[in-house]
Amino acid sequence: MIVGIIGTGNMGSSLAECLTGRNVEVALFNRTRSKAEELGRRLGARVYDSPSELVENVEAAIAFVRDDQALRTVLFSIASKSGKIAGKVFINASTVTPSTSLEAMEILGLKGIDYVEAPVFGSTSEARECRLISMVSTKEYLLEKATNVLKLYSERIHYIGEPPKAMVVKLALNNLALALPAVLAESIMLLTSWDIELDVLRRVSQNTWIEPVLNRYWDRALGDSRPRFTVDNAGKDYSYVASALKYKGLPSFLSDAVSSMYHLAGRNGLGDRDYPQIVKYYREIAGRSQSSAG
Ligand SMILES: NC(=O)c1ccc[n+]([C@@H]2O[C@H](COP(=O)([O-])OP(=O)(O)OC[C@H]3O[C@@H](n4cnc5c(N)ncnc54)[C@H](OP(=O)(O)O)[C@@H]3O)[C@@H](O)[C@H]2O)c1
């Protein structure tokens with residue numbers, strides 16, 4: 001089977017390593033071609049000029065692109081194609097809004113392409129080691145066809161009904177998972193502004209349930225960790241949680257606040273950094289306010 005990867009960012013490039021490690025033939029497309037070429041040279045994978053050309057030449061394509069806008073660009077490229085693309089499988093592993101996922105199913109459906117919504121839980125190391133957890137929504141009759149591809153890189157596969165339910169579950173999970181660094185950033189801002197050593201927080205929380213939470217994020221937040229998931233992507237995911245709630249006429253107090261925190265850090269130069277590093281930004285603000293007050 002030839003599997004195409006659309007988007008060779010942190011996740012797409014890690015997935016390419018997983019698949020080639022399993023002797024699957026891989027084809028690549030990336031908006032910035034040079035990044036796909038470098039990866040393609042290293043892994044021996046062919047690089048295509050457009051998503052549509054890639055889809056034409058593979059049995060299944062997996063999209064790992066940033067957001068709604070990126071996925072739409074990919075869809076428009078495929079929609080403009082009149083070649084042999086009916087019957088291909090298109091797996092969307094990107095985190096997008098539920099409404100954009102439905103739009104994808106509709107647009108690709110018109111081309112006879114089988115749409116599988118399959119966002120993932122897990123990050124770059126899990127992708128590289130083929131240990132992702134895939135949440136899957138698709139038409140039931142496509143499930144077996146989809147599973148043949150998903151099992152190449154997923155440790156667990158959860159079928160969650162028809163689109164966009166898997167995307168909603170993914171947003172609900174990220175709403176839980178990505179809040180902690182934002183909460184930690186505010187706690188550290190509080191300590192810094194009151195001139196309290198950060199280690200006091202760790203000392204006091206020793207042997208309590210908070211200790212493993214702090215341990216999980218401390219070094220990634222305050223050291224120089226390599227990006228697994230970026231600040232910009234965390235801000236994007238929270239905007240999508242908020243918009244999915246608003247779409248149903250519900251309040252989105254927390255997701256609005258957390259998305260603003262990540263977006264502000266992103267606008268101040270941390271966009272491509274590992275997401276727990278927003279802590280550094282809020283610590284700096286607290287340090288500045290403290291020195292101007294002094
Ligand atoms: N990293 C994680 O831990 C993780 C975990 C689960 C899910 N996800 C989701 O997976 C997706 C990819 O994540 P990532 O971490 O790999 O992100 P990333 O490193 O930021 O890569 C983003 C990819 O999207 C492409 N892209 C961005 N804007 C585009 C546009 N307008 N048109 C076409 N392509 C565009 C980029 O191409 P260029 O190289 O040209 O910029 C790049 O290939 C996101 O939806 C993210 O939320 C990530």
Side-chain angles (χ1 to χ4, degrees), residues 4-18 27-40 45 47-55 61-79 91-98 100-101 104 117-136 150 153-156 164 166-167 169-178 181 217 220 225-241 243-244 259 262 266 270-277:
I5 297 175
I6 299 176
T8 58
N10 288 321
M11 288 302 276
S13 57
S14 304
L15 178 66
E17 288 186 34
C18 144
L28 304 169
F29 166 80
N30 195 55
R31 177 181 62 172
T32 310
R33 192 184 160 102
S34 55
K35 291 189 200 166
E37 273 170 355
E38 197 275 322
L39 183 69
V47 177
Y48 286 96
D49 282 334
S50 66
S52 55
E53 201 187 324
L54 175 134
V55 168
I62 303 163
F64 250 132
V65 291
R66 177 163 290 187
D67 53 13
D68 282 6
Q69 196 195 340
L71 184 63
R72 285 208 184 95
T73 310
V74 170
L75 295 174
F76 292 145
S77 160
I78 297 170
I91 296 180
N92 176 35
S94 332
T95 309
V96 296
T97 53
T100 298
S101 185
E117 177 186 277
V120 299
F121 194 70
S123 191
T124 48
S125 48
E126 289 80 10
R128 207 171 300 116
E129 292 159 17
C130 313
R131 290 193 296 110
L132 289 168
I133 296 173
S134 290
M135 293 153 267
V136 185
L150 293 162
Y153 63 87
S154 309
E155 183 178 77
R156 273 183 279 157
M167 204 54 79
V169 174
K170 167 64 182 165
L171 291 177
L173 269 178
N174 275 19
N175 189 40
L176 292 169
L178 306 178
Y217 285 108
R220 263 179 96 182
S225 53
R226 202 173 151 218
R228 284 157 56 89
F229 185 70
T230 62
V231 165
D232 276 347
N233 274 333
K236 178 265 296 184
D237 279 11
Y238 266 103
S239 319
Y240 290 176
V241 172
S243 77
S259 79
Y262 279 112
L270 273 87
D272 287 334
R273 305 283 278 275
D274 201 25
Y275 76 99
Q277 299 213 350

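Atoms within each ligand, like the ligands themselves, are counted from 1 in listed order. Being a predicted model, the structure only gives us computed values, none of them experimental.
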S.K.: Once side-chain hydrogen bond (donor to acceptor under 3.5 Å, both in side chains) is applied, do any residues pair with S239, and if so which ones, sequence neighbours excluded?
M.R.: H263
S.K.: When you measure from the side chain of E117 to the backbone of M167, do you find a donor-acceptor pair of N or O atoms at a distance under 3.5 Å?
M.R.: yes
S.K.: List the protein residues in contact with ligand 1, where contact means a heavy-atom separation under 4.0 angstrom.
M.R.: G7, T8, G9, N10, M11, N30, R31, T32, K35, F64, V65, R66, A70, T73, S94, T95, V120, G122, S123, K170, R228, F229, N233, K236, D237
S.K.: Are the side chain of E38 and the backbone N or O of K35 linked by a donor-acceptor pair below 3.5 Å?
M.R.: no
S.K.: With a 6.0 Å cut-off (strictly less than), is the heavy-atom count around CD of E155, excluding the residue itself, greater than 12?
M.R.: yes
S.K.: Donor-acceptor pair, Y48 side chain versus G4 backbone, under 3.5 Å?
M.R.: no
S.K.: Do T97 and D68 have side-chain atoms, one donor and one acceptor, less than 3.5 Å apart?
M.R.: yes
